[in-house]
Amino acid sequence: MAADLSAQSQTLLLSTTTTTPQRSHPRTTSFLPFFSLSHSKPLLHLSRTSSRPRQRLQVLCEATGTQPISQLGHDRLSKVPISRIRNFCIIAHIDHGKSTLADKLLETTGTVQKREMKEQFLDNMDLERERGITIKLQIARMRYSFKNGEPYCLNLIDTPGHVDFSYEVSRSLAACEGALLVVDASQGVEAQTLANVYLALENNLEIIPVLNKIDLPGADPDSVIKEIEEVIGLDCSNAILCSAKEGIGISEILDAIVERVPPPADTADKPLRALIFDSYYDPYRGVIVYFRVIDGKIKKGDRVYFMASGKDYFADEIGVLSPTQLQVGELYAGEVGYLSASIRSVADARVGDTITNYSRKAESSLPGYEEATPMVFCGMFPVDADQFPELRDALEKLQLNDAALKFEPETSSAMGFGFRCGFLGLLHMEIVQERLEREYNLSLITTAPSVVYKVNCVNGDIVECSNPSVLPEPGKRKSIEEPVVKIEMLTPKDYIGPLMELAQDRRAVFKEMKFIAENRASLTYELPLAEMVGDFFDQLKSRSKGYASMEYTFLGYKESDLIRLDIQINGEHVEPLATIVHKDKAYAVGRALTQKLKELIPRQMFKVPIQACIGSKVIASEALSAIRKDVLAKCYGGDISRKKKLLKKQAEGKKRMKAIGKVDVPQEAFMAVLKLEKEVL
């Protein structure tokens, strides 16, 4: 009957009336359909009347002639021709609205239902939500109906914005054909914006400029467009103005992705070649691999071969991320998905490896990725020595998910067995430490961050040294070279002076200053990396009230006047407290360390000297006074010679005690001094 009624009319009004509650039936509902021919589109009118209190609710819902967008989201596993696949990523400076835009794209395409939506939907780590930053790249497959009604498959990769996670961005770009360059309409071009654009251009991606946050009172889209054209050189005549928070311009972005991002090459007939761009370890399923199919096809149950490691497995499960894992039977060229093959060894499936079919192997592997070069090093030691095996396993599993992390075993006389870890930056170091403690329940001690120095020895050898304890003796080394970076700071013109002062205090060499806009300037310096791994970024933000941003690139090594600063306690060298510092800063660092140690080391029965030394030369010294017994208490009078005799006897005892005594530096003292080194270096 409902079919007959809908055939007679294009409008249905459904009215639900609730009568006054009665004793036997608390609520009686009646459905009264009636018809109107005055509307051309189907209209649903819901009216509910209640006696307590009397309310009236109306919901209007218009259905379009094509399939509703929310329903299209449920069909995202349906196959489409390769010509209708679009792989793109979102790149931007930190806090320019990438994650918010990704959320809105997922919601608009119906990939995630509105009731399931939450802010930073793709940021699934607690750390990401707490800090409001993206740490890991995330993938989501969407289905979008274009103007002509044809469905398109859009594979989105959301990327981090901080400079320390640029390796994540570079891996994402290799799996895409296009990129949305998101720029905050109120802040304009910032340092990481430039860096990400250059990465995208290196990968020959189609870049679509998007100006976000146009709803803010301080937004100035016209000046930002001019700034992008002048600084970056992108044509912004077709830039899209949007507000991800308010949902403005989202459909225009989706249309631009379909129209301007090229489809992947149709190479489904070739032998399988798939590039691994990310992976993680699941305690129940083993290593889960994220890959982009470049050539050929992969089916569930296929025997696959990892070309770099030489291992082969059966593909127990393949699927897509939308954004949760959804199983499919087959993936072909141009698609992005995941693979589960009961891989137990984390070394068998590394990022950058090529997957091919075991029975029909590809002739050559894909280029993969450049190895990430660690910039900052620190030692990581478990508080409980029994946790060393757990720390090793945790680092191996974390390295699977974070390919930029490097580590090697290290032994310390103070802290026992641990690892020397390499990171891309200070934030990267902080995040890794936090993830190890949270995800793997470890208690860790980290040493002060340091960099890798190159030591030119007298015999012609070149020794790389990241730990002061392995630095060759002064007589064996000819010179020490330290890493130098080119740093670019973008700042409003009001803060040029404070930032120049900051750079000069850190031994930076001025290179260039230019105005990229009327009120914004770019400062370029060459800076020793060792000066940047301390609190340089914090000071940059503090002195510019949060408005300045920075980007750095590694230049090479430069000879510098560096020395090793040793700490002696009671005449014995304490290796874990040794540091490599510039000669000009040696006294300040030595004075700070000795004063801190004096506060932390408990007093002994004898006098304990605490000295900061360069070789055999003492440059700063403090002394712990001995705990003394009052040997004169029994002398209530008498000659002074009696008192001198007692004091001399006590002094001889203290001297013998000092000769054979040993000072134990408590763990708390090491931790406090390491924290101090992070502040003063």
Side-chain angles (χ1 to χ4, degrees), residues 85-102 104-105 134 137-140 142 144 152 154-163 165-185 187-214 221-244 249-265 277 292 334 336 369 488 490 516-517 549 551 553:
I85 294 176
R86 300 290 184 269
N87 297 314
F88 71 99
C89 62
I90 305 176
I91 55 176
H93 188 81
I94 190 169
D95 201 30
H96 276 210
K98 292 182 305 301
S99 297
T100 310
L101 179 58
K104 192 59 70 172
L105 292 175
T134 302
L137 63 88
Q138 300 293 341
I139 310 148
M142 304 178 291
Y144 177 64
Y152 280 77
L154 310 181
N155 290 311
L156 157 70
I157 302 181
D158 186 24
T159 62
H162 197 280
V163 61
F165 305 113
S166 56
Y167 193 60
E168 292 278 320
V169 180
S170 64
R171 300 207 315 273
S172 306
L173 296 174
C176 300
E177 283 83 31
L180 295 180
L181 175 67
V182 179
V183 181
D184 190 329
Q187 297 186 47
V189 175
E190 297 201 58
Q192 199 59 27
T193 310
L194 293 171
N196 287 331
V197 168
Y198 296 147
L199 280 174
L201 292 174
E202 285 175 13
N203 286 271
N204 298 317
L205 300 191
E206 177 66 33
I207 299 175
I208 302 173
V210 175
L211 268 64
N212 194 16
K213 305 186 183 181
I214 60 168
D222 294 335
S223 66
V224 173
I225 285 175
K226 185 180 177 183
E227 194 176 320
I228 294 172
E229 290 178 337
E230 290 178 356
V231 178
I232 302 177
L234 278 180
D235 178 19
C236 289
S237 57
N238 53 2
I240 301 169
L241 306 184
C242 85
S243 169
I250 303 301
S251 57
E252 287 84 349
I253 292 174
L254 290 166
D255 290 342
I257 292 167
V258 172
E259 292 172 341
R260 292 157 62 180
V261 175
F277 62 86
R292 154 82 190 271
V336 176
Y369 305 106
E488 184 176 8
L490 271 62
I516 59 175
S549 59
E551 160 68 11
T553 51

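These figures come from a predicted structure and were not determined experimentally.
Taking Glu488 as the reference, nothing meets the salt bridge (charged side-chain N to carboxylate O under 4.0 Å, His left out) condition, with sequence neighbours excluded. Every salt bridge (charged side-chain N to carboxylate O under 4.0 Å, His left out) that Glu259 has, sequence neighbours left out, goes to Lys147. Applying the side chain to side chain donor-acceptor pair (under 3.5 Å) criterion to Gln187, with sequence neighbours excluded, gives Asp184. Residues passing the side chain to side chain donor-acceptor pair (under 3.5 Å) test with Asn212: none are found, sequence neighbours excluded. Under the salt bridge (charged side-chain N to carboxylate O under 4.0 Å, His left out) criterion, Arg292 pairs with Glu177, not counting sequence neighbours.
By the 4.5 Å heavy-atom criterion applied to side chains, Ile257 and Leu180 are counted as neighbours. Considering only heavy atoms from C-beta on, Cys242 stays 4.5 Å or farther from Glu252 through its side chain. Side chains of Leu173 and Phe277 form no contact here, defined as non-hydrogen atoms less than 4.5 Å apart. With contacts defined as side-chain heavy-atom distances shorter than 4.5 Å, the pair Val182/Ile91 does not qualify.
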Donor-acceptor pairs are to be reported for all side-chain atoms of residues 197-205 against protein atoms at under 3.5 Å, with residues two or more places apart or in another chain.
from	atom 1	to	atom 2	distance (Å)
Asn203	ND2	Leu199	O	2.8

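Checking side-chain atoms of Glu206 against main-chain N and O of Gly178 turns up no donor-acceptor pair under 3.5 Å. A donor-acceptor pair under 3.5 Å is formed between the side chain of Asn87 and the backbone N or O of Gly334.
For the pairing with Phe88, the side-chain contact (heavy atoms from CB on, under 4.5 Å) check across Asn155, Leu156, Ile157 returns one residue only, Leu156.
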